[in-house]
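Values below: every heavy atom of this structure, side chains too, minus hydrogens, waters and symmetry copies. Here is the naming used below: chain letters follow the sequence lines, and residue numbers restart at 1 for every chain.
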Amino acid sequence: MPRVENRKIAEMFNEIADLLDIDGDNPFKVRAYRNAARTILGYPRQMTDLVDEGFDLTSLRGIGKEIAKKITEIVQTGKLAYLEKLRKTHPPQLEDLLKVPGLGPKRVRLLHELLHINSLEDLEKALHEGKLQNIPGFGEKLIAKIENGIQTRRYEAHRFKLSEALPVAEWIVKILKKTKGAMHVEIAGSLRRRKETVHDIDLVAACEETNDTMVYFLNLPKIQKIVMKGNTRSTILLENGMSVDLRLVGVENFGATLHHFTGSKAHNITLRKMAVEKKMKINEYGIWQGKKRIGGEKEQDIYDAFGMQYIEPEMRENRGEIALAQKHALPKLILQSDIKGDLHMHTSYSDGLVPIKEMALQAKALGYEYIAITDHTQHLKVAHGMDEKQLQKQLEEIDALNETLEGITILKSAEVDILEDGSLDMSQSVLAALDLTVCSVHTKFNLSREKQTQRILKAMDNPHFTILAHPTGRLIGLREPYDIDMEAVMQKAKEHGCMLELNAQPDRLDLNDIHCKMAKETGVRIAVSTDAHSLNDLELMRYGIWQARRGWLEKENVVNTLSLPALQKLLRTIKG
DNA sequence: GCCGTTTTCGGCCCGACTGTTTTCAGTCG
């Protein structure tokens with residue numbers, strides 16, 4: 001029986017929700033399925049394993065008796081009879097229509113019933129033939145919106161990498177901060193939560209009553225079109241395809257609005273439910289006790305109203321942070337200033353751009369105590385991997401540099417290839433001369449889950465194995481992670497005291513947030529590393545730190561927060 | 001379908017904007 005991933009189970013529940021929604025079924029039932037999907041997607045362990053262990057699924061938030069039964073059925077049979085039945089009564093591509101801007105469940109149902117439109121193709125044809133005018137509630141503008149959405153393929157939900165969206169957002173914030181009447185301008189939304197990908201940019205501005213902020217926003221350069229225009233809220237589409245939302249409020253409401261638009265939606269919903277229980281109300285304008293407004297100028301006001309700790313944006317995903325904040329037991333998230341070194345980088349010995357010395361001096365300028373030089377090894381020909389002789393030469397150069405350089409120590413290392421059979425592609429005697437190794441899979445991504453997992457577990461059995469680099473091999477939006485049993489990998493890492501990397505390259509961010517949390521819970525240390533190939537790349541550390549914070553990591557969970565002596569002591573115990 | 005220190009029924013987050021209407025439903029975040 002193939003293992004069913006959490007992602008697949010969540011997809012199935014979302015499909016059920018879509019179909020029930022189109023049927024006009026109880027909206028709260030629809031929401032229950034979506035909530036369950038979200039819980040499953042964000043859960044650090046696989047449902048398959050939980051079912052195997054006889055774990056009580058109803059103890060998870062949003063999962064009751066019925067959905068627990070359905071999860072068990074999916075895990076055990078790979079299918080769900082209820083969903084199969086729903087699929088039989090609906091055309092297979094009907095739910096695609098929900099993605100078209102302007103179309104929700106009600107309108108999709110109308111299109112289906114009145115015009116037998118069952119797919120995007122059908123919709124396009126009906127538009128050409130001018131049939132939509134006949135449907136009640138479909139006026140000229142709505143039809144134009146649908147037509148435009150279809151033409152520009154707006155239904156293909158494109159997501160931008162954090163590193164693509166953040167500079168654009170920062171550019172706009174800088175402009176808006178200078179406008180007349182603007183008091184604060186902040187990034188909100190998933191971008192503020194530092195999610196690895198975002199689908200749009202959300203901004204919140206606190207302004208005096210008379211201000212130029214909205215006018216400037218609507219007249220920014222590089223606007224493709226104005227999607228929506230209001231006194232307090234507007235949306236623009238930039239030429240590069242990014243959608244930007246600006247919300248304008250008075251200073252007294254700024255905290256509540258910033259909180260509202262930072263989300264996540266699930267986090268906000270949980271807080272609002274708590275408010276209702278206490279006869280309070282939270283909305284974008286503040287927090288109320290009965291008719292009395294008790295706060296809203298600062299985000300902190302909202303958490304104060306419940307006697308809770310302030311929750312950092314990166315944690316607001318409704319993954320248990322609210323319960324911890326109530327107990328005043330939130331983790332103290334790692335800061336970039338906790339980082340004392342970088343344990344993964346390349347030089348001109350392999351595919352990096354500059355010599356060792358330049359990397360070392362740049363690292364020193366960043367305030368680091370140490371770096372590890374980790375050039376590729378011989379097996380990786382495309383990256384000019386070093387043979388043992390070249391590595392030997394590099395080690396001598398590092399010795400010489402360590403003699404002369406002040407204030408920074410260069411550790412000897414290499415990014416060693418893990419071969420298909422789980423062996424490392426350098427001899428044991430050479431590996432023994434290194435301070436640490438960074439080991440990675442660069443080939444044969446398509447092995448079966450069983451073989452890929454065994455490959456890595458066997459590599460970890462090598463006494464010279466220190467850190468597993470970019471553990472899932474994914475490239476965001478380009479390459480799926482390879483199939484491995486991450487729980488088994490983490491268990492093995494824990495046994496041997498070796499570590500997993502959080503690769504800070506914005507297109508990797510590998511481990512992801514959920515796996516980071518899992519590593520913390522398992523008791524496995526993480527190395528947050530830039531995998532730099534140039535001087536500028538060393539500054540990618542911030543992306544790694546944000547992802548680490550999303551994974552609830554604290555200073556103690558991250559190995560490169562250790563001082564040099566502490567790190568060296570730890571490395572000796574792993575080797576010994 | 002889920003949930004419960006007002007528990008096994010009766011609720012379920014909240015508001016802006018749009019378009020098509022004459023007072024509001026649908027969509028969106």
Side-chain angles (χ1 to χ4, degrees), chain A residues 13 16-17 20-22 24-39 57-71 82 97-111 132-133 135-146 148-149 154-155 157 188-193 198-204 214 226-235 243-249 253 256-257 259-288 296 302 318 326:
Chain A
F13 285 148
I16 291 173
L20 293 177
D21 214 356
I22 293 170
D25 208 320
N26 177 358
F28 299 106
K29 184 169 155 187
V30 172
R31 187 187 296 170
Y33 277 104
R34 295 202 201 284
N35 287 342
R38 226 181 353 241
T39 294
L57 295 172
T58 64
S59 65
L60 303 181
R61 191 182 333 99
I63 294 176
K65 242 172 95 184
E66 287 302 311
I67 291 187
K69 257 195 325 209
K70 291 188 170 74
I71 295 173
Y82 179 62
L97 294 172
L98 290 172
K99 299 193 182 101
V100 177
L103 292 187
K106 301 288 187 307
R107 286 172 185 156
V108 167
R109 186 166 184 208
L110 272 179
L111 291 171
L132 262 53
Q133 283 87 333
I135 303 181
F138 279 59
E140 208 177 306
K141 286 193 172 171
L142 179 60
I143 292 173
K145 183 177 182 178
I146 293 170
N148 186 273
R154 287 284 303 286
Y155 51 82
S190 48
L191 195 54
R192 180 158 179 250
R193 304 200 311 279
V198 301
H199 95 275
D200 65 0
I201 294 173
D202 291 298
L203 304 174
V204 176
M214 190 58 88
I226 292 171
V227 181
M228 196 174 83
K229 188 166 80 174
N231 288 331
T232 62
R233 183 176 185 175
S234 300
T235 305
S243 168
V244 189
D245 232 50
L246 174 66
R247 185 70 204 237
L248 235 58
V249 288
N253 302 326
T257 308
H259 185 270
H260 175 84
F261 281 96
T262 297
S264 68
K265 198 171 171 178
H267 177 92
N268 288 353
I269 288 174
T270 301
L271 284 177
R272 282 178 197 179
K273 279 184 185 167
M274 284 169 51
V276 171
E277 280 166 22
K278 296 195 170 200
K279 304 259 186 263
M280 298 196 286
K281 189 175 83 167
I282 302 172
N283 62 22
E284 29 195 308
Y285 300 110
I287 178 156
W288 277 265
I302 292 172
N318 204 31
Q326 284 178 302

Practice item. Would you mind classifying the nucleic acid contact of A:I63 as base, sugar-phosphate or nothing, using non-hydrogen atoms under 4.0 angstrom? Key: sugar-phosphate
Review point. Of all the choices, B:dG15, B:dG26, B:dC14, which nucleotide is nearest to the side chain of A:R233 once you look at every atom?
Key: B:dG15
Point to revise | Pairwise C1' distance, B:dT8 and B:dG1 [rounded to whole Å] | key: 14 Å
Check your understanding: If you measure from the C1' atom in B:dT20 to the same atom in B:dT27, how many Å do you get, rounded?
Key -> 14 Å
Point to revise | Distance (rounded to the nearest 0.5 Å) between A:I63 CD1 and A:I71 CD1 | key: 4.0 Å
Practice item. Choose from B:dG1, B:dC13, B:dG29 the nucleotide whose nearest atom is closest to any side-chain atom of A:H199. Key: B:dG29
**Study point:** Any A:N283 side-chain nitrogen or oxygen under 4.0 Å from OP1 or OP2 of B:dG15
**Key:** yes
Practice item. Check the chi torsion on B:dT5 and let me know: syn if it falls within 90° of 0, anti if not. Key: anti
**Study point:** Salt-bridge contact A:D245-A:R233 (side-chain N to carboxylate O under 4.0 Å)
**Key:** yes
Practice item. Let me know, please, whether A:R272 or A:K65 comes out on the 5' side of the other along DNA chain B by nearest nucleotide. Key: A:K65
Practice item. Output the single nucleotide from B:dC12, B:dC2, B:dC13 whose closest atom is nearest the side chain of A:R31. Key: B:dC13
Review point. Hey, does the side chain of A:K281 come within less than 4.0 Å of B:dG15's phosphate (OP1/OP2), counting only N and O?
Key: yes
Exercise for review: Starting at OG1 of A:T235, measure out to CG of A:D200 and round the result to the nearest 0.5 Å.
Suggested key: 8.0 Å
Point to revise | Minimum-distance nucleotide to A:L142 side chain [options: B:dC17, B:dG19, B:dA16] | key: B:dG19
Point to revise | Nearest to side-chain heavy atoms of A:E66, which nucleotide of B:dA16, B:dG1, B:dG19 | key: B:dG1
Check your understanding: Taking the same atom, C1', in B:dG10 and in B:dG15, what whole-Å distance lies between them?
Key -> 24 Å
Check your understanding: Has A:T235 got a side-chain N or O lying under 4.0 Å from the OP1 or OP2 atom of B:dA16?
Key -> no
Exercise for review: For A:V276, answer base if it contacts any base atom (sugar-phosphate contacts may also be present), sugar-phosphate if it contacts only those atoms, and nothing otherwise; contact means non-hydrogen atoms under 4.0 Å.
Suggested key: sugar-phosphate
Review point. Taking the side chain of A:M228 as its heavy atoms from C-beta onward, which of B:dC17, B:dA16, B:dC12 lies nearest to it?
Key: B:dC17
Check your understanding: When you measure from the side chain of A:T232, which nucleotide among B:dG19, B:dA16, B:dT18 comes out closest?
Key -> B:dA16
**Study point:** Gap in Å between the two C1' atoms, one belonging to B:dT18 and one to B:dT7, rounded
**Key:** 41 Å
Exercise for review: May I ask you to say what A:G102 touches in the nucleic acid, namely base, sugar-phosphate or nothing, with a heavy-atom cut-off under 4.0 Å?
Suggested key: sugar-phosphate
Practice item. Counting heavy atoms from C-beta on, name the nucleotide in B:dG1, B:dG29, B:dT27 closest to the side chain of A:K265. Key: B:dG29
**Study point:** Residue pair A:I67 / A:G62: nearest heavy atoms and the distance that separates them
**Key:** CD1-O, 4.4 Å
Exercise for review: Looking only at side-chain atoms of A:K106, point me to the closest of B:dT27, B:dC2, B:dT18.
Suggested key: B:dT27
Practice item. Mind checking A:L60 for me? I need base, sugar-phosphate or nothing, with any heavy atom below 4.0 Å counting as a touch. Key: sugar-phosphate
Check your understanding: Across all strands, who's sitting opposite B:dA16 as a Watson-Crick or G-U wobble pair, both distances under 3.5 Å?
Key -> B:dT27
